[in-house]
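Inspection log for the structure reproduced underneath, given as structure tokens.
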Amino acid sequence: VLALIKTEFESVVCSETISLSVAMGRVLAEDIANAQQALDECPLTLMQTLVFVVQAKAWDIVIIGGLSGRLDHTVSNFQTLQYLSDRGATGYLVGHDYIVTVIQEETLEFPAEAEGILSLFCLGYDAEGVTLENLHYPLTNGKLTSGFPLGVSNHFTGEEAVVSVKDGILTILYDVANGFPREEGPC
């Protein structure tokens, strides 16, 4: 797992040997493979690194390779995204097939070109005021709970899609080919 962190002052990476190629918002597969290899060279754990960069006022954090391998590590990375969100940072886990992020009292917008599946899960207390616009299964001011997977396997429709939550936390998974969405503050 490699954390690429953009702060107000500089970009920080665990290994200087990694460069992230992003073209049209797409992360290339070789970047993910290179990030996995760089993990052995990184002297800090992911959480140690993220605690440091959050204290340095990081606002966008991309973690490459945090979705493959051990399931327990993947789940802990979902919790890491919430840790970042709780502190005002935006984190993304980027894998071969998916990007995962967490929002709370926020809105994400996806362009009309977005395609494939988008799933969202409430992994903590109830998420209320959930709105899904221009997705195959729309929702207006709904409620998602951690005990029922209502948000699984939604689909983009060829229109600009909007996902928002007024109160609570949502973990959102979508196809990596869609790149990074536009993010807005409180709903």
Side-chain angles (χ1 to χ4, degrees), residues 1-7 11-14 20 22 25 27 31-32 35-36 39 42 44-110 114 116-130 132 144-146 149-152 154 161-187:
V1 178
L2 174 68
L4 301 174
I5 298 112
K6 185 176 181 182
T7 68
S11 292
V12 179
V13 297
C14 275
L20 175 63
V22 178
V27 178
D31 294 318
I32 296 168
Q36 294 286 357
L39 178 59
C42 185
L44 299 175
T45 68
L46 177 61
M47 279 308 298
Q48 288 172 325
T49 302
L50 294 176
V51 167
F52 169 77
V53 297
V54 166
Q55 290 173 350
K57 304 205 184 320
W59 64 85
D60 281 330
I61 299 169
V62 178
I63 303 165
I64 299 180
L67 294 175
S68 55
R70 290 177 43 181
L71 181 58
D72 57 337
H73 286 195
T74 299
V75 173
S76 75
N77 287 337
F78 290 173
Q79 290 180 311
T80 299
L81 291 177
Q82 183 173 337
Y83 169 86
L84 295 172
S85 182
D86 288 345
R87 285 149 184 82
T90 300
Y92 296 96
L93 296 171
V94 179
H96 288 287
D97 299 317
Y98 289 97
I99 293 178
V100 181
T101 192
V102 166
I103 64 169
Q104 51 184 310
E105 300 172 10
E106 294 176 75
T107 298
L108 290 183
E109 296 179 355
F110 293 87
I117 293 176
L118 176 139
S119 293
L120 49 134
F121 301 95
C122 173
L123 299 180
Y125 63 91
D126 294 351
E128 300 193 40
V130 177
L132 309 175
L144 296 182
T145 69
S146 62
L150 183 65
V152 70
N154 211 327
V162 176
V163 176
S164 65
V165 60
K166 289 182 181 174
D167 184 38
I169 301 167
L170 293 176
T171 300
I172 301 173
L173 297 81
Y174 58 92
D175 292 335
V176 71
N178 293 314
F180 301 104
R182 290 188 308 274
E183 186 177 343
E184 295 182 11
C187 310

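Here the structure is a predicted model, which is why all the values come from computation and not from measurement.
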Next item on the list: Using the test side chain to side chain donor-acceptor pair (under 3.5 Å), find all partners of Asp167 that sit at least two apart in sequence or belong to another chain.
Entry: none
Item checked: Ser85 side chain to Leu81 backbone, donor-acceptor under 3.5 Å -> no
Next item on the list: Give, for atom OG1 of Thr90 and atom CD1 of Ile103, the distance between the pair rounded to the nearest 0.5 Å.
Entry: 10.0 Å
Note to self: Using the salt bridge (charged side-chain N to carboxylate O under 4.0 Å, His left out) criterion, which residues pair with Asp126? Sequence neighbours excluded.
What the structure shows: Lys143
Next item on the list: With rounding to the nearest 0.5 Å, note down the distance linking CD1 in Ile99 to OH in Tyr92.
Entry: 8.0 Å
Checklist line | Set of residues satisfying side chain to side chain donor-acceptor pair (under 3.5 Å) with respect to Thr171, sequence neighbours excluded | finding: none
Check: Is Asp86 close to Gln104 at the side-chain level, that is, under 4.5 Å between some pair of heavy atoms?
Finding: yes
Notebook entry, point to check: How long is the span from the CG atom in Leu84 to the CD atom in Gln79, to the nearest 0.5 Å?
Noted result: 12.0 Å
Notebook entry, point to check: Val165 and Leu120: side-chain contact (heavy atoms from CB on, under 4.5 Å), yes or no, with the steps?
Noted result: CA-CA 11 Å; Val165 60; Leu120 49 134; over 6 Å; no
Next item on the list: Measure the CD1-CG distance between Ile172 and Asn154 for me, rounded to the nearest 0.5 Å.
Entry: 11.0 Å
Check: Can you tell me how far the OG1 atom of Thr101 sits from the CD atom of Glu106, to the nearest 0.5 Å?
Finding: 7.5 Å
Note to self: To the nearest 0.5 Å, what is the distance between NZ on Lys166 and OG1 on Thr107?
What the structure shows: 9.5 Å
Check: Looking at Tyr125 and Cys122, what are the two nearest heavy atoms and their distance?
Finding: O-SG, 2.9 Å
Next item on the list: Can you spot which of Leu144, Ile169, Val152 makes a side chain to side chain contact (heavy atoms under 4.5 Å, CB included) with Phe121?
Entry: Val152
Checklist line | Set of side-chain contact (heavy atoms from CB on, under 4.5 Å) partners for Phe110, sequence neighbours left out | finding: Leu108, Ala114, Leu118, Phe156, Ala161, Val163, Tyr174, Pro181
Notebook entry, point to check: Listed by chain and number, what are the ring-ring contact (aromatic ring centres under 6.0 Å, His included) partners of Phe78, not counting sequence neighbours?
Noted result: none
Margin query: If you compare all heavy atoms of Leu170 against all heavy atoms of Ala127, which two are closest, and at what distance to 0.1 Å?
Written below: CD2-CB, 3.7 Å
